[in-house]
Protein chains: 2
Amino acid sequence: MTHFNLEADHTGRPLRPKVAVDTVVLAFTEGRLQTYLLKIGRGPARGKWAFPGGLVRAGETLDDAARRELRAAGVGPGIHLEQLFTFGDPRRDPRAHVVSVAYLGLLADQGEVSPPAGKYVDGRWFSVAALPTLGYDHSLMARRAVGRLRAKLGYTNIACNLLPGTFTFSELETLYAAVLRRRLDRRNFRRRILAMNILRRTAAMRRGAHRPACLYRFAQRTAQIAEIL
Amino acid sequence: MTHFNLEADHTGRPLRPKVAVDTVVLAFTEGRLQTYLLKIGRGPARGKWAFPGGLVRAGETLDDAARRELRAAGVGPGIHLEQLFTFGDPRRDPRAHVVSVAYLGLLADQGEVSPPAGKYVDGRWFSVAALPTLGYDHSLMARRAVGRLRAKLGYTNIACNLLPGTFTFSELETLYAAVLRRRLDRRNFRRRILAMNILRRTAAMRRGAHRPACLYRFAQRTAQIAEIL
DNA sequence: CCAAAAGTGTTGGCTCTACACCCATGA
DNA sequence: TCATGGGTGTAGAGCCAACACTTTTGG
């Protein structure tokens, strides 16, 4: 491939930008916010880690494209997606001018991920606190994704997309504390969350090594705005 | 043009989506939030009103494309731009699959707009409270733009992009009240804004039909986050 | 002198934060 | 019985909202 083929067609006319989607997949496990990265098997970012993504096809919505690329990367359909930001620097991909619509993807269950194939040679979870070097501009995407999540924890019920159907108050608090990177007072946290009336207490209890804990679920798992923190 | 030419090239292969930018231009004049619309002279939305925009060129950033299209529509370079949302429904433009990156554009001075030419046959300001029927999905863009502005008034100094260099407290309050669609208490509003220390009082006064008012300016005109309302 | 907009403080209620002890269970 | 995490209340400080009158100017 010559340089001319990369930026222009065979008549010398510059190519229009292409459209891609990329999804920052986040999950909360082992008390840490983690993200799913794929090792790229080909192209200029070969050997680097990157978020699942690829070109949008003709006639396809952006959400559909993101879900199709996630499926190809082994990520299950239960993921919550929301648009994050569109990255359009013409040099973000050295091969061609590719405009990428980035998504934030939240997964309640890490088990919903199976090994990838095709253009990827490996897939792994990383703590967002210690990411490897990422390909393209995916570090920017990661920063923006965590920033968005952090902001929305404060005024929406977005946490429901990172937790299983039922969970204890401790788990919810650990999630908030980990994402916001600060300690929370257990009593104040509990009072505020309960005051919002977005949780329902279930009859079940979580039994473990110590005193059992009440299990709660979100009253609604659909997006909901409410002053939280 | 046949239908086939719209969605596929001459070999029958479907065309990749194109990338466009569109800017919702807002200004605050005569006590009302207003938006600049252009009457489209050709294409399927001919005769309808729409925001300035067009296809992104090869090698161009999204911001550059938005500014170039704004210039072509007669909007001056002093506009504040920020990315809003990317609209990707393949049927949003009946001619082809065009993914549009929408921008929010804030103008401090309506005088920075001159009559358009080329693909537009008319340009006019409309109150956002009474928009005409818009082409494509531009009504969605308008709603989202006003929503974003309303939200950011509460926690940033974004208002500085809608006001001239100096302004009175009344003007600032009118802007907030108009965009938030509710009355504000003059004393509480003044106290809170002053407490944030984002304004500087100038020596000048605005003289008019009644008691003169102190003129203020924003300490910084760059983006700044701060709890406001 | 009148009309109209600019400017200015206080109080009560509410919310937020800080803080410590007992409980239930498994090992 | 001990170690561990689960569950609960209160008081003081700070913040927010509600509220009305005086000042300055032009006409």
Side-chain angles (χ1 to χ4, degrees), chain A residues 28-32 150-151 153-155 159 163-164 166-178 180-218 225-229, chain B residues 28-32 150-151 153-155 159 163-164 166-178 180-218 225-229:
Chain A
F28 183 70
T29 359
E30 295 157 17
R32 294 207 307 274
R150 191 170 291 147
L153 274 188
Y155 64 97
L163 288 170
T166 62
F167 50 88
T168 68
F169 244 105
S170 296
E171 289 163 348
L172 185 63
E173 190 193 323
T174 313
L175 166 57
Y176 270 79
L180 300 176
R181 290 180 305 192
R182 61 186 166 98
R183 296 236 162 278
L184 297 171
D185 181 87
R186 202 182 337 155
R187 286 166 289 191
N188 295 336
F189 179 75
R190 176 181 291 254
R191 184 175 21 236
R192 275 196 287 195
I193 298 282
L194 287 177
M196 302 179 56
N197 201 33
I198 57 169
L199 292 189
R200 296 284 173 269
R201 186 167 166 173
T202 69
M205 304 285 276
R206 155 112 359 125
R207 309 190 68 85
H210 303 290
R211 174 173 172 175
C214 299
L215 285 170
Y216 291 81
R217 61 182 173 77
F218 277 93
I225 306 251
E227 244 4 281
I228 299 195
L229 293 189
Chain B
F28 183 70
T29 1
E30 296 159 16
R32 293 205 309 273
R150 191 171 291 148
L153 274 188
Y155 65 96
L163 289 170
T166 62
F167 49 88
T168 67
F169 244 104
S170 296
E171 288 163 347
L172 185 62
E173 190 193 323
T174 312
L175 165 56
Y176 269 79
L180 300 177
R181 289 180 306 191
R182 61 186 165 98
R183 296 238 161 276
L184 297 171
D185 181 88
R186 201 178 344 151
R187 283 166 291 189
N188 294 336
F189 180 74
R190 176 182 291 254
R191 183 175 23 238
R192 275 195 290 194
I193 298 283
L194 287 177
M196 302 180 55
N197 201 33
I198 57 170
L199 292 189
R200 295 285 173 269
R201 184 166 166 174
T202 69
M205 303 286 275
R206 156 117 352 131
R207 308 191 69 85
H210 302 290
R211 175 173 173 175
C214 299
L215 285 170
Y216 290 81
R217 61 181 174 78
F218 277 93
I225 305 252
E227 247 359 284
I228 299 195
L229 291 189

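If you're wondering where the values come from, they're calculated on a predicted model, not measured in any experiment. Chain letters run A, B, ... following the sequence lines, proteins first, then strands; residues in each count from 1.
Using a 4.5 Å heavy-atom threshold, the side chains of B:F169 and B:L194 count as touching. Residues A:R217 and A:R201 fail the side-chain proximity criterion, which asks for heavy atoms closer than 4.5 Å.
Protein atom CZ of B:F189 is 17 Å distant from nucleotide atom C1' of D:dA18, rounded to whole Å. Per the geometry, CZ belonging to B:R182 stands 11 Å off C1' belonging to D:dA17, to the nearest Å. The separation between B:N188 atom CG and C:dC14 atom C1' is 15 Å, rounded to whole Å. Per the geometry, CD belonging to A:E171 stands 9 Å off P belonging to D:dG6, to the nearest Å. In this entry the distance linking CD of B:E173 with C1' of C:dT8 reads 14 Å, nearest Å. The distance from atom CG of B:L184 to atom C1' of D:dC16 is 14 Å, rounded to the nearest whole Å. Taking atom OH of residue B:Y216 and atom C1' of nucleotide C:dA6, one finds them 10 Å apart after rounding to whole Å. B:I193 places its CD1 atom 16 Å from the C1' atom of C:dG7, with the value rounded to the nearest Å.
The side chain of A:R190 contributes no N or O atom lying less than 4.0 Å from OP1 or OP2 of D:dG6. The side chain of B:R192 contributes an N or O atom lying less than 4.0 Å from OP1 or OP2 of D:dA17. OP1 or OP2 of C:dA6 has at least one side-chain nitrogen or oxygen of B:S170 nearer than 4.0 Å.
Aromatic pair B:Y216/B:F167: centroids not less than 6.0 angstrom apart. Aromatic ring centroids of A:F189 and A:Y176 lie under 6.0 Å apart.
Residue order along DNA chain C, read from the 5' end via each residue's closest nucleotide, puts B:C214 first among A:D185 and B:C214. Comparing A:R211 and A:R201 by the nucleotide of DNA chain D whose heavy atom lies nearest to each, the residue mapping closer to the 5' end is A:R211. Nearest-nucleotide assignment on DNA chain C puts the 5′-proximal partner with B:T168, out of B:R191 and B:T168.
Using a 4.0 Å cut-off between charged side-chain N and carboxylate O, A:R206 and A:E171 make a salt bridge.
Judged by atom type and distance alone, A:R187 reaches the base of C:dA20 through a side-chain donor-acceptor pair under 3.5 Å.
Across all strands, B:R207 comes closer than 4.0 Å only to sugar-phosphate atoms, never to a base (heavy-atom distances).
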